[in-house]
Amino acid sequence: MVSTAISAQQSISLEKAIELAKSNNIDLKIADKEIERQTVLKKTAFQPDPLQVQYQGGQFNSADFDHNVSIQQFFPLGNVTKANRQLQEELTKLAEKRKALSSYELEKAVTLAYYQYLYGISIQKLNSELNEIYTKFLKNAELRFKTGESGNIEVISAKAKVKEIETQKEQLRYDLAIYQKQLQFFVQTDENIIPDEATSLKFTFTENQNSKVEELVTDFYQQQISVYQKEVGTFKANRTPKLGLGYFAQTINTQSLFQGFTAGIQIPLFGSVNTTKAKAAEISISQSQLALDKNKIILNLQKEELQNNFLKQQKNLNYYQNEGLQYANQIIETAQKSYANGDLSYWSYISFLNQAIDIKKQLAEATHSFNQSAIELQFPTIKSN
């Protein structure tokens, strides 16, 4: 069953995982629908008033019962239609900018989940290495006990350690299953995907990526400002009069058909509502500009903080990669030979072994911390307002 489950898993690269996520993600599909909706709404730029149809019957001309039917339609004058169309175009662009932000955040989430799984793989490999070391230690302890060179305490201790490592192995299997589901959640696919284990455990940081998030944030808020500017124009345009054209047909003294045309104009004498809305939109422009300035400050401060943390984690990782790992391997190799030859006591051997194992654990943790800091530096968090 285990082999069947493994064979059913599909190994993919980070680039492919991001591509699938952007193709499958429901939030991005909703964003596409919003863009489509705003595009459709462009057709609503021309907004004439509802057609007025009126019937009048009675003695309004003479004692006879006459009939009157009239039709009237008012049309917007000036640049109202143009202003509405421009506003709708800016709203469509705003929906596109909002999708771009969502796509950026999704790419970051997928990358974090991808390297979280690779971290689990590195811990699993370390567990297997430890199991091999302690299994070999157990064999040596059993041999020394049979020859009377040591007591049974070494055998019991070795068996306990091997059992502990095997228990941890089972726990790691559950951890990997959780990490895999986290990745699958962001990619939003029914396929049982896993990261390609050939991928380097160390995340490859791309320099000068901070400009990408700055560009996304700037574009979004500037587009928001453009929307409010067009709203101001729309509200001001709505203060212009409307032209009305009509037609009527009626009877006089029950004789028909008498026809005629009407023309009229609607003048917004009380246009303070649109004036107030225009002022409110102008305030929104200022708010968006302040929000943009605020986000620029936050991103700059965040960049400095993330840069310092990245350099810190990089320095820590460099030590374990260039020196720490070599020390650990040398300690394990030397301790095993010395213990097997009887040159090292059991307690000294355990002490050296634990020291080496701890170094290897620190290497795995350092790699994981470096990856997280590098990903955060490449994809700074966009603060919501």
For this session: Could you walk me through whether Q116 and H368 pass side-chain contact (heavy atoms from CB on, under 4.5 Å), step by step?
Result: CA-CA 8 Å; Q116 180 72 37; H368 182 52; 3.2 Å; yes

Minimum heavy-atom separation for [X] and [Y], please, with both atom names.
X	Y	answer
F60	Q56	CE2-O, 3.8 Å
Y115	N371	CD2-ND2, 3.6 Å
A83	A237	CB-CB, 4.2 Å
A374	F203	CB-CD2, 3.6 Å
L363	Y320	CD1-CB, 3.6 Å
T262	Q72	OG1-NE2, 4.0 Å

To the nearest 0.5 Å, tell me how far [X] [atom1] sits from [Y] [atom2].
X	Y	atom1	atom2	answer
Q223	T92	CD	OG1	9.5 Å
K361	N354	NZ	CG	8.0 Å
K136	N131	NZ	CG	14.0 Å
K169	S128	NZ	OG	5.5 Å
R239	K277	CZ	NZ	13.0 Å
Y319	L325	OH	CG	10.5 Å

Evaluate the side-chain contact (heavy atoms from CB on, under 4.5 Å) criterion for residues N274 and K236: first the C-alpha distance (whole Å), next the side-chain angles of each, then the deciding distance (0.1 Å), finally the verdict. CA-CA 6 Å; N274 285 314; K236 288 182 178 180; over 6 Å; no

Cationic tip of K202 above F370 ring, under 6.0 Å, 45° of axis: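 Here K202 passes the 6.0 Å and 45° test against F370.
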
Cation over ring face, K242 and F74, 6.0 Å, 45°: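 Negative - K242 is either too far from the ring of F74 or too far off its axis.
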
Around [X], counting heavy atoms of other residues, nucleotides and ligands shown, do more than 12 lie under 6.0 Å from its [atom1]?
X	atom1	result
F65	CZ	yes
E132	CD	no
F258	CZ	yes

Checking [X] side chain against [Y] main chain: does a donor-acceptor pair fall under 3.5 Å?
X	Y	answer
Q188	A21	no
S23	E19	no
Y114	D196	yes
N341	K337	yes
N25	L28	yes
Q326	N322	yes
T251	S256	no
N127	I123	no
D66	G58	no
N318	Q314	yes

Is the shortest heavy-atom distance from the side chain of [X] to the side chain of [Y] under 4.5 Å?
X	Y	result
N238	V80	yes
T199	L14	no
L245	F261	no
L311	Q307	yes
K33	E36	yes
S369	N316	no
S284	Q287	yes
S103	K22	yes

Say whether [X] and [Y] are linked into one hydrophobic cluster, either directly or through other cluster members, by side-chain heavy-atom distances under 4.5 angstrom.
X	Y	value
I35	L87	no
L91	F220	yes
V40	I30	no
L344	W347	yes
F248	I71	no

Reference residue L299; test side-chain contact (heavy atoms from CB on, under 4.5 Å); the match among T381, T218, V213 =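 That would be V213; it is the only one of T381, T218, V213 passing the side-chain contact (heavy atoms from CB on, under 4.5 Å) with L299.
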
| Taking S226 as the fixed residue, which of K93, E90, E231 is the one that meets the side-chain contact (heavy atoms from CB on, under 4.5 Å) rule? |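 The option that passes is E90.
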
Whether [Y] and [X] form a salt bridge (side-chain N of Lys/Arg under 4.0 Å from carboxylate O of Asp/Glu) is what I want to check.
X	Y	value
K212	E215	no
K99	E96	no
E164	K161	yes

- request: Go through the steps for S122 and L201 under the test side-chain contact (heavy atoms from CB on, under 4.5 Å), then give the verdict.
  value: CA-CA 8 Å; S122 67; L201 295 177; 3.6 Å; yes

Is the closest side-chain donor-acceptor distance between [X] and [Y] under 3.5 Å?
X	Y	answer
Q88	N84	no
N253	S62	yes
D343	S338	no

**Study point:** N192 and Q180: CA distance, side-chain angles, deciding distance, side-chain hydrogen bond (donor to acceptor under 3.5 Å, both in side chains) verdict
**Key:** CA-CA 8 Å; N192 196 21; Q180 189 274 330; 2.8 Å; yes

*Verify side-chain hydrogen bond (donor to acceptor under 3.5 Å, both in side chains) between N309 and E305, making sure each step is shown before the conclusion.*
CA-CA 6 Å; N309 186 49; E305 179 183 349; over 6 Å; no

Test side-chain contact (heavy atoms from CB on, under 4.5 Å) applied to F235 and T275, step by step:
CA-CA 7 Å; F235 291 134; T275 301; over 6 Å; no

Can you check salt bridge (charged side-chain N to carboxylate O under 4.0 Å, His left out) on R173 and E170, steps first, answer last?
CA-CA 5 Å; R173 286 180 62 242; E170 292 299 313; 2.9 Å; yes

Anything under 30° is parallel, anything over 60° is perpendicular, the rest tilted; go ahead and classify F75 against F46.
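Ring orientation of F75 relative to F46: parallel.
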
